[in-house]
Visitor: 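Just dropping this structure here.
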Amino acid sequence: MIKQAQKTYDAKKSEQEVHAWWQASDIYNKLKRSRADAPTWFFLDGPPYASGAIHLGTAWNKIIKDAVLRYKTMRGFNVLRQPGWDCHGLPIEVKVEEKLGVKSKKDIEQVIGVERFIEECRQWALKHIALMTEQFKRLGVWMDWDSPYVTFTNDYIESAWWTLKRAHESGLLQMDLRIIHWCPRCETALAEHEIRGEYQDVRDPSLFARFKLADRPNEYLLIWTTTPWTLPANVAVCVHPDYSYARVKVDGDIYILAEALVANVMGELGVGNYQLMGLVKGKELEGLRYEPPLLEEVPKQREFQSHYRVICGEHVTLEEGTGCVHTAPGHGEEDFAVGAKYGLPVFSPVGPDGKFTAEAGKYAGLFVKDADRVILEDLERKGVLLKRGVITHPYPHCWRCQVPLIFRATEQWFLKISDIKPRILEKNSAGVRWVPDWVATRYVNGVESVGDWCISRQRYWGIPLPIWICQNCDDMVLIGGREGLATLASGPLGETDLHRPHIDRVKLRCQKCQGEMRRVPDVLDVWFDSGICSWASLGYPRHGEPFKSLWPSDFITEGEDQVTKWFYSQQAASVIAFGEVPYRLVLMHGFALDEHGRKMSKSLGNVVEPSEVIDKYGADVLRFYMLSANPPWEDLRFNWKGVDVVNRMLNVLWNVYVFATTYMALDEFDPKKIDMGKIRGHFLPEDLWMLSRTNSVTRGVTEAFEEFNIHIAARALANFVLEDLSRWYVRLVRERVWVEREDPRKLAAYVVLYQALHSLIRLLAPIMPYVTEVMYRDLVKAVDARAPESVHMLPWPSVQEAAIDAELEQGMSIARVLVEGAAAARQQANLKLRWPIGKAIVQTSSPEMVRLLRGLQSVLKGQLNCKELVLLGPEEYAAEFRLVCKPDMRSLTEKFGGLAPAIVDTVQRMDVRRLRAELRRYGFAGLQIAGQKVRISSEDVAFEEALPDGFAVAPTEFGRVIIDARLTPELKAECLARELVRRLQTMRKEQDLAMEERVDVVIGTKADEHVKLLASQQGYIAREVRAQNLRICRSEEVAGPGCVKDWNVDGDSFRLLVRRLSKS
RNA sequence: GGGCCCGUAGCUCAGCUUGGCUCGGAGCGCUCGGCUGAUAACCGGGAGGUCCGGGGUUCGAAUCCCCGCGGGCCCA
C-alpha cells in the first residue's frame, strides 16, 4: 500500500538512512551485477591527489561524474566506474617532511632513512584515500570504492615501466644535459607542465652593467639583468643580428646598446648628456671580445678565456633591457640553445641545493639569491655597475613548496615529444570528441606549444626509473617488468616492493661486459603516473583482459586546468605506448569559485567546505545546486542563496509527494489494480496536459543529458516540479481528490499524478540519488513487490511520443497567463480569489488562441472562479461592451461641408460594430444622406469601447480578461460560505483532526439575514468541512462541547464551533 | 605578450547558434497586497537596466564584426 509520507523531509536523516540501507543491502553491487551483460561504457576516473580533504571543486568533479554515470547506467549500460588515486610525488613528500620535521634531502637520507620515508608516504596516501573515500561516499557518489586503482602498487609501477620500455624501443627516451626549472628546496627538476600557472610576482634586483671591451679602450657593452647570481656563469653577450646598435658617448666612455632603446636606457640611467657616435648592425658586433667582469672572483672563468665574445641570437628582443643580453648557457634555456650553436661551455656552478659550488670561487657556499647582494657589491666596487634598481615581475615558483625556482643545467631523462606531436594531434582530431567543442582548439594550441617532457625527478616517493647503467662500460638497460628484472638481477629478487630504496639495491649483471649495473636513482614525474592510468588501471600489460575489450575509455571529465595536464599527459603516454589516444570523449568542467568569481582560498577566508553545505542541506541539494547553477564547463560561483533556492525546490517536490501519498493512501489507491481502459475515458484536459508535460520533459531532460547540458536537464526538472506539478496540476486536481467517493475522475488524477511522479523520480535520480530513493520506496516499491529494490536499478524513462500534445501544452500556458491576468483584475476590483464571480470574459488576441483554449474552458472556468465563461476571438465582442462611435467633425466638415451634421446623425443611429467592421475591411463605408451617396473613411470616425460599471479588465500578452465584479446576493452567499469554510478548516487543523475525520459544526451569527443567506450553502459547507451535523443559528445559541471561536469576516462577527466526534 | 572562455537588474543567471511580435527576461532580495487541509510553502502588483565601453555592418544589434576594459583557466 502507498503510505502517507512524513510531513517534512529531513534530508540529513533520510540520507544517512538510505546510505546505510544501500550498504546493508549491497545495492551498488546488485546494480552492477544486473548490468553485467549489458554493453560496456568505460569511464575513467581522473585520479585525485591523495592528500588532504576534498574541497568544493573536487566535490563538483565527482558529482558531475556520478550524475553522468548514474544516467548512463539507467540508459542500460554496464558502466565501469573504478575510482583512482594519484599517490606519488612531491606534495605528499612535502607533507611527510613537515610531519617528520625534516627540511632537506640530506635529512631524509641520513636522519630518517629512505625506507621509513617511503613508508610514511605510503601511509599518508592510504590515510587520505580512506578519508576522501568517505567524503565522496557522503556525496552519494557510486564508484568501486573497495577496488580503486592506486598508483603505488607494484602492478601499476610495472605498467609504467612497460610504457617507458615502449618509449625506449621507439627511440623516444633520451638522457640529455638540459636547462630545467629546479626547485632548490625540493632539490629536484620540475617539468614544464609543473611550472604552468605557477608564476607569482616577485621583487628582483634590476641592474645595468658594463662589460669592458678587450680591444677598445673605454668602450663597453651595456647589459641589463634581473639575476645577478647568474653572472658568475656568464660566458657571452648576445645581440640580435638584424637590429641596429648604437655607440653612445657618455662622459668619455662609449656604450654599445640597441639603437631603439637608447633614449629609454639613458633615461633609466639618469644620463641627460650623451652623444650618438654611430650605428652598426648587430651582426657586425659578432666576435667582439670583452673582459669578464667577475674574473677575479671566479677563477674558473679563466678556463673559458677563449669565449667572452659577442654572439648573435634571434631571441633577443627590444622589449626591455639594452638589446645586449648577458648569456649564461648553464642558467637559461635560450642561452643554452644559442650557446650550443657557438660551442659555449655550459657552466653551472650551482649545486642541487641552490648554493654555489666550489667552481663559483668567492661565492662558493652562498645560496644564489643571497649571493645577489654580494655580487652587486663586487660589481659596484669594480665600476661595472651603472645602476641598480628593483623590478616586480612574474617568476616561476615550486608548485608545492612555493620557493622561487632557478635554472640549472643537469642531466635529465626526456621523452621526445617533438617526434610524436604530429601523431598526437592527428589521433586527437580523428578520435576525440571535446565538450564543449572549443576546448579542442584550446587543447591543440596547448599541445603545439609543448616541449619535450622531462620525466626524471631526483626524489624518493615515486615510480623508480627502470634504468640501469653499467658502472664499467656505461651500457644502459631499461627494464619493462618484474620478470625482466628477475632475469637480469645478480641476486634473487623475491616479492620485493618496487619503490626506493629496495629497488636501488637491485644490481644487474651487464650483458656486455659482466660489469655491475646500478639503477639511475631518479624517480618518475607523477604526471607520468596518471598519464598511463587508462591501461594501468586495467592491469595492462600484466593482464590482457579487460584491457583488450575495453580500451580506450569512453568518457573522462576533469577541470579546465587539466587541458594541458592530464588530458595531455594521457595522450602523450598513450601515443608512445600504442600509437593511439586513450579516450573518446572529454567533458571539461570549470572551477568552483566564490560568489564573486574569486578563487576560494584560506587567505581570502572565502572557502566553503562541501561538508558545510551537506550538514545544512544534505547531499541532494548540493548536487542539484552544483549541477543546475552553471553549464558544466563554466566556472561555478558558489552562492548560498542559490543553494537555498534548490532546497526550496526540494521542499516543494516533497510537498507534492506528500499531497499525492496522503490522498492515495486515504483512498487505498493501487496503481497496479487500475483498469486503464476504463480510466482513459475520464481524463480531463488537465490530465492529458500533465501526461503530455511528463513526456515532453522526459524528452528534454534526455536530450540535455546526452549533450552534457546537465544544467539544462536540472533546470527543466526544477521547472517541472515547481510550475507544472506544484503550481498548476496539484492546484487543478485539489477539488477532485477532496471528493469522498469512488469517482473515476479522482482515480484519473491519481493515475496521472502517479505516472508523473514515477517518471520524475527516475529523471531526478542521477542528480538527487537520495530523495528519489526514498520516494521510490514508498510510492513504487511499497505497492509492487516485484519492482527493483532501488530506483537506480530502473531503466531511464522512455518518451511516449503519442502522449505529447504540443497544442495542448501551448493552450495551457496561455490559460495560465490569462488566469494570472484575472487575478490582477480581481485585485483592481477588490475581489478575493475565493469569491466566485458571475461572469468572466476572455477576449483573445488571435483566432488561433480561441482554438487552443476551446478544450480548456473547464480549466479556465474553475481557475477564474466564475459561474459563466465567455471565450471570444479578437473580432468578437461581449454584449456588455458598448462600442461608441465618435465622428471627427473637423474631418467630416472639410470633406462634406454642410452635410456633416446629417452624417453624424446617421452614423450614430447605425449599428456601430457593423460600421467598424466595414471600415476595417474596406477602408470606407457608403452612406445615404439626404438622397446623396456619401463615402466616409476610417479617419472620419473614431471608435471607443465603454466598459460598464462593475467590470474590471486586465490586459495580457494573449488577450484580455474582463470580469464582472458585481456580486449578486446568491454570489455573496457563496462568498460568505467560502470564508466560513476557510475558518472552519483552520479550526479543524488547530485541533489536529485527521483529514477524513467527521465533525459537528455550529455557525453562529449576529445578523438574521446571514442565517437565511447561509441556508442555501448548508450542503456545500458541510461537504467541505466534513460536517456530520451542521447548524446555523444566532451567536448566543452557540454552546456545547467542542472548540468555539469568534471570527470577524469582512466586518461581520461569527461564532464557530467545531466538535470532534467521539470515535466509535 | 599569446590561446580559449566569461561580462545582461543590488545578487545568481536565461536569452546570443539562426538579428526583428517573451527584446529586454527569471529566481533571490526589497516593497505592497492576496491565498492556504500538500504548504517553515505559494500567488499577484510595484520599484530596480548605459544588455562592460567604443566603433562598424544593417531598414533594424544584448545577438554579427572590429578595437578596448574587467574577470577566469592555460601558455610565454
Side-chain angles (χ1 to χ4, degrees), chain A residues 4-5 7-8 192-193 195-197 199 317 319 333 394 396 436 438-451 559-565 567-568 588 590-591 593 595-599 625 628-631 633-649 651-663 711-712 715 718-719 722-723 725-727 730-731 733-734 737-738 753 813 817 819-828 830-834 845-846 954 957-958 981-982 984-990 992-997 1024-1026:
Chain A
Q4 183 182 1
K7 286 280 174 193
T8 55
E192 206 184 332
H193 51 239
I195 317 302
R196 290 173 194 164
Y199 280 72
T317 71
E319 273 163 28
E333 279 176 283
W438 46 259
V439 181
T441 312
R442 192 162 152 177
Y443 178 74
V444 168
N445 289 340
V447 173
E448 272 168 356
S449 68
V450 84
E560 58 189 306
D561 54 332
Q562 299 300 332
V563 170
T564 49
K565 290 180 176 165
F567 297 160
Y568 163 71
M588 184 202 80
F591 264 52
L593 309 172
E595 61 184 326
H596 304 295
R598 293 172 309 183
K599 218 171 185 167
Y625 169 70
S628 63
N630 275 84
W633 48 87
E634 280 178 17
D635 290 344
L636 183 143
R637 298 185 176 198
F638 183 85
N639 181 261
W640 279 105
K641 279 183 194 161
V643 179
D644 196 60
V645 171
V646 170
N647 188 50
R648 271 188 253 184
M649 186 278 293
N651 209 5
V652 171
L653 169 66
W654 188 259
N655 285 331
V656 170
Y657 169 68
V658 170
F659 171 84
T661 55
T662 301
Y663 288 99
H711 62 302
I712 291 176
R715 288 168 186 180
N719 188 61
L722 295 172
E723 292 295 335
L725 269 175
S726 172
R727 289 176 197 165
V730 166
R731 182 167 149 190
V733 299
R734 246 173 160 157
V737 299
W738 189 241
L753 202 50
S813 55
V817 171
V819 169
E820 282 170 16
R826 276 173 177 270
Q827 207 153 354
Q828 280 174 38
N830 260 325
L831 291 177
K832 293 185 178 183
L833 288 179
R834 79 169 83 81
S845 51
S846 83
E957 57 181 298
F958 298 113
V981 164
R982 210 209 95 206
L984 289 165
Q985 299 286 35
T986 307
M987 291 173 72
R988 280 184 63 112
K989 221 173 168 180
E990 282 167 2
D992 269 337
L993 285 162
M995 216 148 49
E996 69 279 13
E997 225 172 311
E1024 287 297 313
V1025 304
R1026 308 229 150 134

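Computed over heavy atoms, backbone and side chain alike; hydrogens, waters and symmetry mates excluded. Remember, it's a predicted structure, so these values are computed and weren't measured experimentally.
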Visitor: Could you check how far CZ of A:Arg1026 sits from C1' of B:G37, rounded to whole Å?
Guide: 9 Å
Visitor: Where do A:Asn639 and A:Tyr625 come nearest, in terms of heavy atoms and distance?
Guide: N-OH, 3.0 Å
Visitor: If we call it a pair only when both distances are under 3.5 Å in a Watson-Crick or G-U wobble match, what pairs with B:G1?
Guide: B:C75
Visitor: Identify which nucleotide among B:C42, B:C6, B:G72 has an atom closest to any side-chain atom of A:Glu634, counting heavy atoms from C-beta outward.
Guide: B:C6
Visitor: If I take atom CZ in residue A:Arg648 and atom P in nucleotide B:C42, what distance separates them, rounded to the nearest angstrom?
Guide: 6 Å
Visitor: With no angle test and no hydrogens, is the base of B:A38 tied to the side chain of A:Ser726 by a donor-acceptor pair under 3.5 Å?
Guide: yes
Visitor: Only pairs with both distances under 3.5 Å count, Watson-Crick or wobble alike; so what is the partner of B:A38 in this structure?
Guide: none
Visitor: Closest approach to the side chain of A:Trp438, judged atom by atom: which nucleotide of B:C5, B:A38, B:A40 is it?
Guide: B:C5
Visitor: Is there a Watson-Crick or G-U wobble partner for B:G44 with both distances under 3.5 Å, and if so, which one is it?
Guide: B:C32
Visitor: Using a cut-off of 4.0 Å on non-hydrogen atoms, how would the nucleic acid contact of A:Tyr663 be classed: base, sugar-phosphate, or nothing?
Guide: sugar-phosphate
Visitor: Rounded off to whole Å, could you give me the CZ-to-P distance for the A:Arg727 and B:C42 pair?
Guide: 6 Å
Visitor: State which of B:A38, B:U12, B:G3 makes the closest approach to the side chain of A:Arg637.
Guide: B:U12
Visitor: Pick the closest RNA chain B nucleotide for A:His711 and for A:Gln562 by heavy atoms, then say which residue is nearer the 5' end.
Guide: A:His711
Visitor: Roughly how many Å is it from CG in A:Leu753 to P in B:A38, rounded to a whole number?
Guide: 12 Å
Visitor: Rounded to the nearest Å, what distance is computed from the CG atom of residue A:Asn647 to the C1' atom of nucleotide B:C28?
Guide: 14 Å
Visitor: Heavy atoms from C-beta onward define the side chain here; which of B:G27, B:C73, B:A40 lies closest to that of A:Thr8?
Guide: B:A40
Visitor: If you check the A:Asp635 side chain, which of B:A38, B:G3, B:G72 turns out closest?
Guide: B:G72
Visitor: Can you figure out which of B:G72, B:C74, B:U12 approaches the side chain of A:Glu560 most closely?
Guide: B:G72
Visitor: Whole-Å distance between B:C13 C1' and A:Leu593 CG?
Guide: 15 Å
Visitor: Output the single nucleotide from B:C73, B:A38, B:C28 whose closest atom is nearest the side chain of A:Lys641.
Guide: B:C28
Visitor: From C-beta outward on A:Asn655, which listed nucleotide comes closest to its side chain: B:C13, B:A38, B:G3?
Guide: B:A38
Visitor: Starting at atom CG of A:Leu722, determine the distance to atom C1' of B:C43, rounded to an integer number of angstrom.
Guide: 13 Å
Visitor: Fit a plane to each ring of A:Tyr568 and A:Tyr443, take the angle between them on a 0 to 90° scale, and name the class: parallel (under 30°), tilted (30 to 60°) or perpendicular (over 60°).
Guide: tilted
Visitor: Has the side chain of A:Arg442 got a donor or acceptor atom sitting under 3.5 Å from an opposite partner on the base of B:C73?
Guide: yes
Visitor: Can you name the closest pair of heavy atoms from A:Asp635 and A:Glu560 and give their distance?
Guide: OD1-OE2, 2.6 Å
